[in-house]
Amino acid sequence: MPIWTRMVLLVGVAFLAGCEPVEDRIARHFEKAKTYIAEGDDERARVEFSNILKLDSENIPTLMAVARLHERRGELSDMAGYMARILEVDEINIEARLAMTQVMTLGGQIDNALFHADQAVSTAPNDPEVRTVRAMVHTRIGNRELAKADIDAALAADPTHPGAGFVVVSRILSDEGPAQALGAVGTFLDANPADYQLNLIKLATLESLGRSGEVTAQFEEMVRLFPENVNILNSLAVWYAETGDTEKAEETFRKFVEASGNTSERQLELIQFIAQLRGSEAARQELEATAATASNPTAFVLALSDIDRANGNLAGARDRLTKLVSDAPTTTDRLTAQIELAEIEFAEGNKAAARALITTVLDADENNLAGRRFSAFINIDENAFDAAQEDLNIALKENPSDVQALGLLAEVHLRLGNATLAGENLAAAMQASGYQIDPTIRYAAFLRRNLRARDAETILREASRRNPANQSLMVELAR
């Protein structure tokens, strides 16, 4: 085909593409993004959303979809940024106002939260969801009468509204006790049997009353109602273990592992769970069997070395790790084994040997995340805070959301007396973890030390929502 013919065809194709209506192109990108999200491919969805915003930077459905994507990933600051962009375009957008109220409340910015809630109420005064959200803000700051007025308005608009019901039941639980709260939650659940928050508060109420059999039944009902929330399976397994039903505990935890994708991380959690249920020897047997069939046994060999260390068999741990350094299928696995060896040396007081191993790792890969973290740990131990910060800056450049690195950086700032930066990093670690238990409790403790008890309660409640019936969180909330 002559060159000029190919050029004509190319120009024609480009012309036809350029003539496609913008609305059609936006719709095509949006549908592709929805497909990617359904497949769990957030990054490709982001690309499609970005393409839409290049065509129409004020496209509200896309801005909202991106905001919700960030919310699902625990990136609340980014979520708030997109919600703010929506409000620049449409200042009476109720969904964005309520989302900003939530984010500001979680961030302790109560005045801003109340501002957004007030704006939402002025736009939709008879919307029960809007009045319920503002009631929660008033409750948060102790305005009980204003909260009650909002809840009364919400229930006047919808007598069975689940959010209003949750607030009512929470107040009864606080003021009158679990027996009265149980009757109230039953009324609202009759109308909203699949509401997560109502089911969760019923679970907590039953546990407060010591009705173990009904707690088990409620857990099992929540597993049925919310199959996408695999954390309920995790909590149910823990509950079975606490009530002595070890067989069901292990069976349920195996279901949790399978529902979570059967990853090596989840398989290791199963092995830890088996250790708690049936002892270290049973866990070792499970681990040996898993390592023997895994396509890459590195994670399980490392776990076996950890068991050796826990049992005081340092020679056995060193042998496994030394062999892994020699036989590792990848460079990454070899470096990981060397870092584990460095940890053994440090724990035994051989700090020079530990430093030498970490130096070897960083010589091979200066951006090695785990290597930088452990190097920072050694530097903190030696009060070499500038060197520790340099390590952690490199680590966070590699992964800005690394929970351990953010926690270590918070420790550096605490040692240096900078509570503001320490708090920022503890908050970032908690959000990056998706409100996992340890980072949340650590940040809550920091907030309480700095006289921010209400903020501590807010984040603990959010963590409890994501980790239902977790005993550690319940203890912290009761403080």
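The structure displayed is predicted, hence computed values, not measured ones.
In this structure, a donor-acceptor pair under 3.5 Å is present between the side chains of Asn379 and Asp391. In this model, no donor atom of one side chain and acceptor atom of the other lie less than 3.5 Å apart for Glu462 and Gln102. Residues Thr330 and Asp333 have side chains that bring a donor and an acceptor to within less than 3.5 angstrom of each other. At a cut-off of 3.5 Å, with distance as the only test, no side-chain donor of Asp245 or Thr243 sits close to an acceptor on the other residue. Remark: the Arg140 side chain and the Thr105 side chain contain no N/O donor-acceptor pair separated by less than 3.5 Å. Under 3.5 Å, the side chains of Asn199 and Glu221 contain no donor-acceptor pair of N or O atoms.
Between Arg355 and Glu382 there is a salt bridge, since a side-chain N of the basic residue sits under 4.0 Å from a carboxylate O of the acidic one. Taking a cutoff of 4.0 Å between a charged side-chain nitrogen and a carboxylate oxygen, Glu476 and Arg448 qualify as a salt bridge. The pair Asp381-Lys351 meets the salt-bridge criterion, with a side-chain N (NZ, NE, NH1 or NH2) lying under 4.0 Å from an Asp/Glu carboxylate O. Using a cutoff of 4.0 Å between basic side-chain nitrogens and carboxylate oxygens, Arg372 and Asp402 are not scored as salt-bridged. With salt bridges taken as basic N to acidic carboxylate O contacts below 4.0 Å, one links Arg72 and Asp42. For Glu286 and Arg254, the salt-bridge test passes: some basic side-chain N is under 4.0 Å from an acidic carboxylate O. Between Glu31 and Lys34, at least one side-chain nitrogen of the basic residue sits less than 4.0 Å from a carboxylate oxygen of the acidic one, meeting the salt-bridge criterion. Arg46 and Glu43 are joined by a salt bridge, as a carboxylate oxygen and a charged side-chain nitrogen come within less than 4.0 angstrom of each other. Using a cutoff of 4.0 Å between basic side-chain nitrogens and carboxylate oxygens, Glu343 and Arg373 are not scored as salt-bridged. A salt bridge between Glu251 and Lys255 is present, with a side-chain N of the basic residue lying under 4.0 Å from a carboxylate O of the acidic one. In this structure, Arg309 pairs ionically with Glu340, as a charged nitrogen and a carboxylate oxygen lie closer than 4.0 Å.
No donor-acceptor pair under 3.5 Å is formed between the side chain of Thr322 and the backbone N or O of Asp319. A donor-acceptor pair under 3.5 Å is formed between the side chain of Asn368 and the backbone N or O of Gly371.
Atom OH of residue Tyr240 and atom CG of residue Leu277 lie 13.5 Å apart, to the nearest 0.5 angstrom. Atom CG of Asn467 is separated from atom CG of Asn234 by 8.0 Å, given to the nearest 0.5 angstrom. A distance of 5.5 Å separates CZ of Arg171 from OG1 of Thr139, quoted to the nearest 0.5 Å. Taking CG from Asn470 and CG from Leu460, the interatomic distance works out to 10.5 Å, rounded to the nearest 0.5 Å. Atoms CG and CG, from Asn367 and Asn399 in turn, are 12.0 Å apart once rounded to the nearest 0.5 Å. Annotation: the span from Glu411 atom CD to Ile380 atom CD1 amounts to 6.0 Å, rounded to 0.5 Å.
Contact check for Glu58 versus Leu53: no side-chain heavy atoms found under the 4.5 Å cut-off. Under the 4.5 Å side-chain criterion, counting only non-hydrogen atoms from C-beta, Trp239 is in contact with Ser212. In this structure, Phe346 and Phe374 have side chains that are in contact, with non-hydrogen atoms separated by less than 4.5 Å. Contact annotation: the side chain of Phe219 approaches that of Val215 to within less than 4.5 Å [non-hydrogen atoms, C-beta and beyond]. Leu304 places none of its side-chain heavy atoms less than 4.5 Å from the side chain of Phe300. Residues Arg442 and Leu426 form a side-chain contact, since some pair of their non-hydrogen atoms from C-beta on lies under 4.5 Å apart. Counting heavy atoms from C-beta on, the side chains of His413 and Leu409 come closer than 4.5 Å. Between Met64 and Asn93, the closest side-chain pair of non-hydrogen atoms falls below 4.5 Å.
In plain terms, the two heavy atoms of Tyr435 and Arg466 that are nearest each other are CD1-CZ, 3.5 Å. Taking every heavy atom of both residues into account, Phe273 and Ala237 meet most closely at CZ-O, 3.6 Å. Here the closest non-hydrogen pair linking Ala96 and Ile86 is CB-CG2, 3.9 Å. For Ile201 against Ser170, the heavy-atom pair with the smallest separation is CD1-OG, 3.4 Å. Ala419 and Asn450 make their closest contact through CB-OD1, 4.3 Å (heavy atoms, listed as atom of the first residue, atom of the second, distance). Listed here is the closest heavy atom pair of Ser305 and Ala317: O-CB, 3.5 Å.
The local environment of CD in Gln471 is crowded, with over 12 non-hydrogen atoms from other residues, nucleotides or ligands closer than 6.0 Å.
Evaluation of the side-chain hydrogen bond (donor to acceptor under 3.5 Å, both in side chains) rule for Glu48 yields His29 as partners, not counting sequence neighbours.
Ring geometry for Phe446 versus Tyr443: interplanar angle under 30°, hence parallel rather than tilted (30 to 60°).
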For Leu416 and Leu414, what are the C-alpha separation, side-chain angles and deciding distance, and is it a side-chain contact (heavy atoms from CB on, under 4.5 Å)? CA-CA 5 Å; Leu416 293 173; Leu414 284 171; over 6 Å; no
